[in-house]
2 protein chains.
Amino acid sequence: MISIDLEEAPRGGDLVAVTREKTDRAKATRIDDVARAAGVSTATVSNVINETKRVAATTRASVLDAIERCNYYPNAQARSLASGRTRIIGLLSSDFASPLFPELVKSFEMNAFERGYNTVLLNTNYDPHRAADHVRRLIGLKVAGVALMTAKLDPGLIHELIGRNISVVSQNLDKVSEHMSNVVIDYAVGVDEAVAHLASLGHRHIVHVAASDKPDGTNVRRDAFLESVARHVPNARTAVYEGDFRFESGQRAAIEILAAAELPTAVLAANDMMAFGLMKEMRKAGLSIPRDISLIGFDDTAFAELSEPALTTVCLSRAELGRRTVEALMKNIAQPGAQGKEVRIPTYLVKRGSTAPPRP
Amino acid sequence: MISIDLEEAPRGGDLVAVTREKTDRAKATRIDDVARAAGVSTATVSNVINETKRVAATTRASVLDAIERCNYYPNAQARSLASGRTRIIGLLSSDFASPLFPELVKSFEMNAFERGYNTVLLNTNYDPHRAADHVRRLIGLKVAGVALMTAKLDPGLIHELIGRNISVVSQNLDKVSEHMSNVVIDYAVGVDEAVAHLASLGHRHIVHVAASDKPDGTNVRRDAFLESVARHVPNARTAVYEGDFRFESGQRAAIEILAAAELPTAVLAANDMMAFGLMKEMRKAGLSIPRDISLIGFDDTAFAELSEPALTTVCLSRAELGRRTVEALMKNIAQPGAQGKEVRIPTYLVKRGSTAPPRP
DNA sequence: TTGTAAGCGTTATCAA
DNA sequence: TTGATAACGCTTACAA
């Protein structure tokens, strides 16, 4: 849309470059080069690299030396063609830019890396066609496993993966099965902490701004909220407002809440964005948080600790989510044919400045 | 640290599952299966898939049909082993969780996908060892190209890539060379718009809270700031404070600014985080933004439009950055041996509520 | 327009 | 403990 490629930048030393080209590009070194350099067979080199067989210490040393000298990097394509496995795992998501993902992706990649795996990233952008294409690519790539961090995926596609012996870890799916584990985020514990916190501050009139992730109408957070309120707050007054996770829906919910006969003393929003919307609208209405009303969010997005007041919020450790997802994948890969597991990631409350006792 | 794998979930239909296993896992279909099914040779199937040769329409149709019927997914490893190229590109970053990245990663992946490439992600976490390992892996994977979105990387490693005929696109590097392009973010235009905006509002005393990305002491934003002020504001008063991109350093800068003999009427921070720090501290000191002082940030992070007041900020389009990075990579891949290009990504001002005319 | 067959760089099975 | 050598599944000259 703007700006164009500049003209080619000036460059010195053409001759040198050309020479280098002739040297470096002269075919990458292969396992036979190393074998020759070490005076052994390719089988031995392979065994040294993969530690697949006992190799005499001296042979081993000279092979390693030869690898070093030749500046040898094994060809991953050839390796996996021959061995039938790859060291690649996929991470499929609907939207990498959504708040939870950046850190999750980072943690996922780092954990995979440490186990010798590379991560390929796939963003479906909520498009089922794209998702199907992505799955196809993953199969073509012969990935060892895939983490499906997307809202919902055609079960047929999942089968396609499982059937090809690719490990799958899904998020918040209901069932595990052979070769397929499930990471479930345990919203209930965090919600319970939040409600208990409000109850202990003395709140008796707490409302929830819900937003449902599942299309089937079930809503884990809302249900947990209602259940927790019933448990922690005797004679509670409560209500549930509907939002859609977006800032604006938080604002709309605030307007509804303000229009109600009696103002609640605390609000639990299903995510931070809506909480920020609530915050803005309530401030506009002249209310002070937390003096007039307490507010709790969900997700612990980057801004939660910077907002005015800093937002009390329920969150989960993205690092843990990433790590345990990779672990689950690895477990499935290591034990093909075994039954998948269910991994629960707890959520917890982070207390900040947006909650206080209700006005007397 | 918390929670443990639950016991295996119950499962029904073992028999069915076992049957499926026998069927599905019975060796993936290969190109010969398709060839046989279509009654042609493997070469023809390959030519249909890759569009590498003219194939008679009828033959083509029957091959496509056979591919469909066999549910055939070409083996990427075998393909690239045979062809010498892969459809994988790498994206190397120091920290995927930093503000610019999520959307950049998303855009990068989507653009790569549309061109038939898969993206492998590598997070160095600012660790040179890890970076070196990553480069090694990329070479082993025989990726077609790599985008180096990391602060600095050992030039030796870059050479290692180039020498192996892997296209490289770096960010904010100084030079381009054969097989290596450079994406530079043009901070100057955005800074200039920001300063011009302040000047047109009537500001004459504008300070900058700088933070340097480059270790060599050069600071593009600061230099652009000083230059723009000199150009747009006659008899300007100005000053530069040092920060480190973090919220707290914005707070510290605010304290310094407030301690100065005369308060400036506007502040340009080198990123949003510091701007938020400034905002918090100035509010604490009883100042109102933008009535008492105008504030401009840099990056347009997610919260810029949600803060109170919404932050005027300089930003760049992450979508464009991702797209043009992939384009540069593709160009290099398509024309091996050609000289790299320099791609400039402009920045621009987003006017929001944190800027206003100075008090009279 | 189609087919044959020789690689591509490993791993893994035997045999030595 | 090591070495030959046949896969692995595809692409691509070269032939037909």
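Not measured: the values here are computed from a predicted model. Naming: A, B, ... by sequence-line order, numbering from 1 per chain.
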**Q** Could you say whether B:Arg60 or A:Ala78 is positioned toward the 5' end of DNA chain C, judged by the nucleotide with the nearest heavy atom to each?
**A**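 Whichever sits nearer the 5' end wins; that is B:Arg60.
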**Q** Choose from C:dA5, C:dT11, D:dA15 the nucleotide whose nearest atom is closest to any side-chain atom of A:Ile31.
**A** C:dT11
**Q** For the pair made of CG in A:Leu81 and P in C:dC8, what is the distance, rounded to whole Å?
**A**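 Result: 14 Å.
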**Q** Within this structure, what is the NE2-CG distance for the pair B:His134 and B:Leu157, rounded to the nearest 0.5 Å?
**A**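 The NE2 atom of B:His134 sits 11.5 Å away from the CG atom of B:Leu157.
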**Q** C:dT11, OP1 or OP2 - any side-chain N/O from A:Ser83 closer than 4.0 Å?
**A**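 No, outside the criterion.
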**Q** Within this structure, what is the CZ-to-C1' distance between B:Arg30 and D:dA7, rounded to whole angstrom?
**A** 11 Å
**Q** Measure the distance from CZ on A:Arg85 to P on C:dG9 and round it to the nearest whole Å.
**A** 20 Å
**Q** Just the rounded figure in Å: distance from C1' of C:dG7 to CG of A:Asn75.
**A**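 Rounded to whole Å, this separation is 14 Å.
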**Q** Between B:Tyr73 and D:dC10, is there a side-chain N or O to OP1/OP2 distance below 4.0 Å?
**A** no
**Q** Would you say a side-chain N or O of B:Asn47 is under 4.0 Å from OP1 or OP2 of D:dT12?
**A**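 Looking at the OP1 and OP2 atoms of D:dT12, neither is under 4.0 Å from any side-chain N or O of B:Asn47.
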**Q** Please give, in whole Å, the distance from D:dA7 C1' to B:Asp32 CG?
**A**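 It is 13 Å, rounded to the nearest whole Å.
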**Q** Would you kindly give the CD-to-P distance between B:Gln77 and D:dT11, to the nearest whole Å?
**A**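 It is 13 Å, rounded to the nearest whole Å.
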**Q** Which nucleotide, C:dG7, D:dT2, C:dT2, lies nearest any side-chain atom of B:Thr59?
**A** C:dT2
**Q** Which distance, rounded to the nearest 0.5 Å, do you find between the CG of A:Leu104 and the CZ of A:Arg323?
**A**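 Between A:Leu104 CG and A:Arg323 CZ, I get 12.5 Å after rounding to 0.5 Å.
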**Q** Please pick, from D:dG9, D:dG3, D:dT1, the nucleotide with the shortest atom-to-atom distance to any side-chain atom of A:Ser41.
**A** D:dG3
**Q** So does B:Arg79 get a side-chain nitrogen or oxygen closer than 4.0 Å to the phosphate oxygens (OP1/OP2) of D:dC10?
**A**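 So the side-chain polar atoms of B:Arg79 never come under 4.0 Å of the phosphate oxygens OP1 or OP2 of D:dC10.
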**Q** Remember a base hit wins even if backbone is also touched, and classify B:Ser80 as base, sugar-phosphate or nothing at under 4.0 Å, heavy atoms.
**A**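 The residue B:Ser80 makes no contact with any strand.
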**Q** Does B:Thr44 place a side-chain N or O at less than 4.0 Å from the phosphate oxygens OP1/OP2 of C:dG3?
**A**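 B:Thr44 to C:dG3 OP1/OP2: side-chain N or O found under 4.0 Å.
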**Q** Set out, in order, the CA-CA distance, both residues' side-chain angles and the distance that settles side-chain hydrogen bond (donor to acceptor under 3.5 Å, both in side chains) for B:Ser80 and A:Gln77, then state yes or no.
**A** CA-CA 7 Å; B:Ser80 46; A:Gln77 325 296 330; 3.1 Å; yes
**Q** Keeping the roles fixed (side chain from B:Arg137, backbone from A:Tyr117), state whether a donor-acceptor pair exists under 3.5 Å.
**A**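 The answer is yes, because a donor-acceptor pair under 3.5 Å joins these two groups.
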**Q** Whether the side chain of B:Lys53 and the base of D:dT12 hold a donor-acceptor pair under 3.5 Å is what I'd like checked.
**A**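 No, the side chain and the base share no sub-3.5 Å donor-acceptor pair.
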**Q** Heavy atoms under 4.0 Å, any strand shown: does B:Ala43 hit a base, just sugar-phosphate, or nothing?
**A**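 Since a base atom lies under 4.0 Å of B:Ala43, the category is base.
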**Q** Counting side-chain heavy atoms from C-beta on, which of D:dG9, C:dA12, C:dT2 comes nearest to A:Thr52?
**A**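 Nearest to the side-chain atoms of A:Thr52, counting from C-beta on, is C:dA12.
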**Q** Take atom CD of A:Glu51 and atom C1' of C:dT11, then tell me their distance rounded to the nearest Å.
**A** 15 Å
**Q** Does the Lys NZ or Arg CZ of A:Arg164 fall within the cation-pi geometry relative to B:Tyr73 - under 6.0 Å from the ring centre and within 45° of the axis?
**A**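 Yes - A:Arg164 lies over the ring of B:Tyr73, closer than 6.0 Å to its centre and within 45° of its axis.
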**Q** Taking only the side-chain heavy atoms of A:Ala82 (C-beta and beyond), determine which of C:dG9, C:dT2, D:dT5 contains the nearest atom.
**A** C:dG9
**Q** I'd like to know if A:Arg130 and B:Glu114 make a salt bridge, using a cut-off of under 4.0 Å between side-chain N and carboxylate O.
**A** yes
**Q** Quick one: is B:Ser46 getting a side-chain N or O under 4.0 Å of the D:dT11 phosphate, OP1 or OP2?
**A**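 Yes.
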**Q** Taking CG from A:Asn50 and P from C:dT10, how many angstroms apart are they, rounded to a whole number?
**A**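 Between P of C:dT10 and CG of A:Asn50: 11 Å.
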